[in-house]
There are 2 protein chains.
Amino acid sequence: MPNSIRDSLKAGGKKLTRARIAILAVLEQSHFPITAAEIHARLIKARAGADLVTVYRNLAMLQGLGLLSAIGFHEGQMRYEVCHGRAHHHHIQCRGCGKIIDLMLCPLQNLTKRIEEQTQFSVDGHALEFFGWCPQCR
Amino acid sequence: MPNSIRDSLKAGGKKLTRARIAILAVLEQSHFPITAAEIHARLIKARAGADLVTVYRNLAMLQGLGLLSAIGFHEGQMRYEVCHGRAHHHHIQCRGCGKIIDLMLCPLQNLTKRIEEQTQFSVDGHALEFFGWCPQCR
DNA sequence: TGATACATGCAAATAAGTTGCAGTTATGAT
DNA sequence: ATCATAACTGCAACTTATTTGCATGTATCA
Ligand SMILES: [Mn+2]
Ligand SMILES: [Mn+2]
Ligand SMILES: [Zn+2]
Ligand SMILES: [Zn+2]
């Protein structure tokens, strides 16, 4: 676990528990956003079993610290990905098999000012996901 | 109800029922995406009460015909908006009061080709929502 | 080694959305 | 108009994701 994550936890008065370390390890090893249930399953496989409710509570806490981002693909559940220390990016999901891959781009950075002028909102985030068909499912 | 919607329904072998007409009326009158529960509440107010499950079934059917789009703001429920006959656009939601307003823009149209080259996926849709604070909540 | 605030597990609750089924209705053909 | 039929509806029950209450356990720091 990166020292900067340790520091964020400490700064937030959070403890370095066995379950929390294992959950973060699973998240850091995943190359795409995963669900709470998937995290739970990987914890069990890694003999670091933690209750599903502990997974949910840690996901909420880590989001609160800004270390994780939650992503919705309209699947009926959320997916989570470490954002700390990674470049801002987006994803595309295959409508056939559900495969998700990173898109290391963001076409929205310089749009914010225009939206703020048009709407009088202050913009502080966005969600962007693409959908389509992967080569295997096409 | 526009004739083009009537036609889509007929083409899909769907009937013009009292509940369906009322649900479509609620959707067409809303200026922002609404939830199934909100549609249900408005039906009751309009003395056109239909069961919530009928609302869900009609929402799924209308999406299948391409007349509605479903939008997720990470609120734990979906929102639905008529897309038929309206220009493609996106939304911004206030993190304070939940207010949603239209953004009549889309910065993604010409990005598709680039993503298809990079990923080998064929891209057929995207979800884009902005978040921020409205003037009242700021 | 304590004290204590934070964290966990289990069970129960909540909430969105779905499904089975029996009865109802729109539709278009007679 | 009446009829046959496929589509539709309401109700109850179900599924699944996520949250909450509470008693017990543990990391941290003095
Ligand atoms: Mn990613
Ligand atoms: Mn809109
Ligand atoms: Zn972005
Ligand atoms: Zn768009």
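Sequence lines set the chain letters: A, B, ... in the order given, protein chains first and strands last, and positions in each chain run from 1.
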Review point. Taking atom P of D:dA7 as reference, at what distance in whole Å does atom CG of B:Asn58 sit?
Key: 14 Å
Exercise for review: Select from B:Arg18 and B:Val53 the residue whose nearest nucleotide in DNA chain C is closer to the 5' end of that strand.
Suggested key: B:Val53
Check your understanding: Would you say the side-chain atoms of B:Ser8 and B:His84 include a donor-acceptor pair closer than 3.5 Å?
Key -> no
Practice item. Could you check how far NE2 of B:His40 sits from P of C:dA16, rounded to whole Å? Key: 13 Å
Point to revise | N/O (side chain, A:Thr17) to phosphate O (OP1/OP2, C:dA7) under 4.0 Å | key: no
Exercise for review: Look at all strands and tell whether B:Leu16 reaches a base, only sugar-phosphate, or nothing, counting heavy atoms closer than 4.0 Å.
Suggested key: sugar-phosphate
Point to revise | Short side-chain to backbone donor-acceptor contact, A:Arg138 and B:Gln120, under 3.5 Å | key: yes
Practice item. Take B:Glu81 and B:Ser30 through the side chain to side chain contact (heavy atoms under 4.5 Å, CB included) test and state the conclusion after the steps. Key: CA-CA 8 Å; B:Glu81 182 175 69; B:Ser30 181; over 6 Å; no
Check your understanding: Can you check the B:Ile21 CD1 to C:dT27 C1' distance for me, whole Å?
Key -> 13 Å
Review point. Contact class for B:Ala37 (heavy atom, under 4.0 Å): base, sugar-phosphate, or nothing?
Key: nothing
Point to revise | Atom-to-atom span, CE of A:Met61 to P of C:dA7 - whole angstrom | key: 6 Å
Study note, to complete from the structure: Here the distance between atom P of D:dC8 and atom CD1 of B:Ile23, to the nearest Å, is 11 Å
Check your understanding: Is it true that a side-chain atom of A:Glu116 and a backbone atom of A:Ser122 form a donor plus acceptor pair closer than 3.5 Å?
Key -> no
Check your understanding: Is any side-chain N or O of B:Arg20 closer than 4.0 Å to OP1 or OP2 of D:dC8?
Key -> yes
**Study point:** Phosphate OP1/OP2 of C:dG28: any B:Lys10 side-chain N/O under 4.0 Å
**Key:** yes
Exercise for review: State which of D:dT18, D:dT9, C:dA16 makes the closest approach to the side chain of B:Gln77.
Suggested key: C:dA16
Review point. Between atom CG in A:Asp51 and atom C1' in C:dA7, what is the gap in whole Å?
Key: 12 Å
Review point. Is A:Ala50 touching bases, backbone alone, or none of the nucleic acid, heavy atoms closer than 4.0 Å?
Key: sugar-phosphate
Practice item. May I ask you to evaluate whether A:Tyr56 reaches the phosphate of D:dT19, defined as a side-chain N or O under 4.0 Å from OP1 or OP2? Key: no
Review point. Is any side-chain N or O of B:Arg57 under 3.5 Å from a base N or O of C:dG17, one able to act as donor and the other as acceptor?
Key: no
Point to revise | Donor-acceptor pair under 3.5 Å, B:Lys15 side chain vs D:dC8 base | key: no
Check your understanding: Does the B:His89 side chain pair with the main chain of B:Asp102, one donor and one acceptor, at a distance under 3.5 Å?
Key -> no
Revision key, fill the gap. When rounded to whole Å, the CG to P distance for the pair A:Leu52 and C:dT8 reads 13 Å
Exercise for review: Find the distance B:Tyr80:OH to C:dG17:P and express it as a whole number of Å.
Suggested key: 5 Å
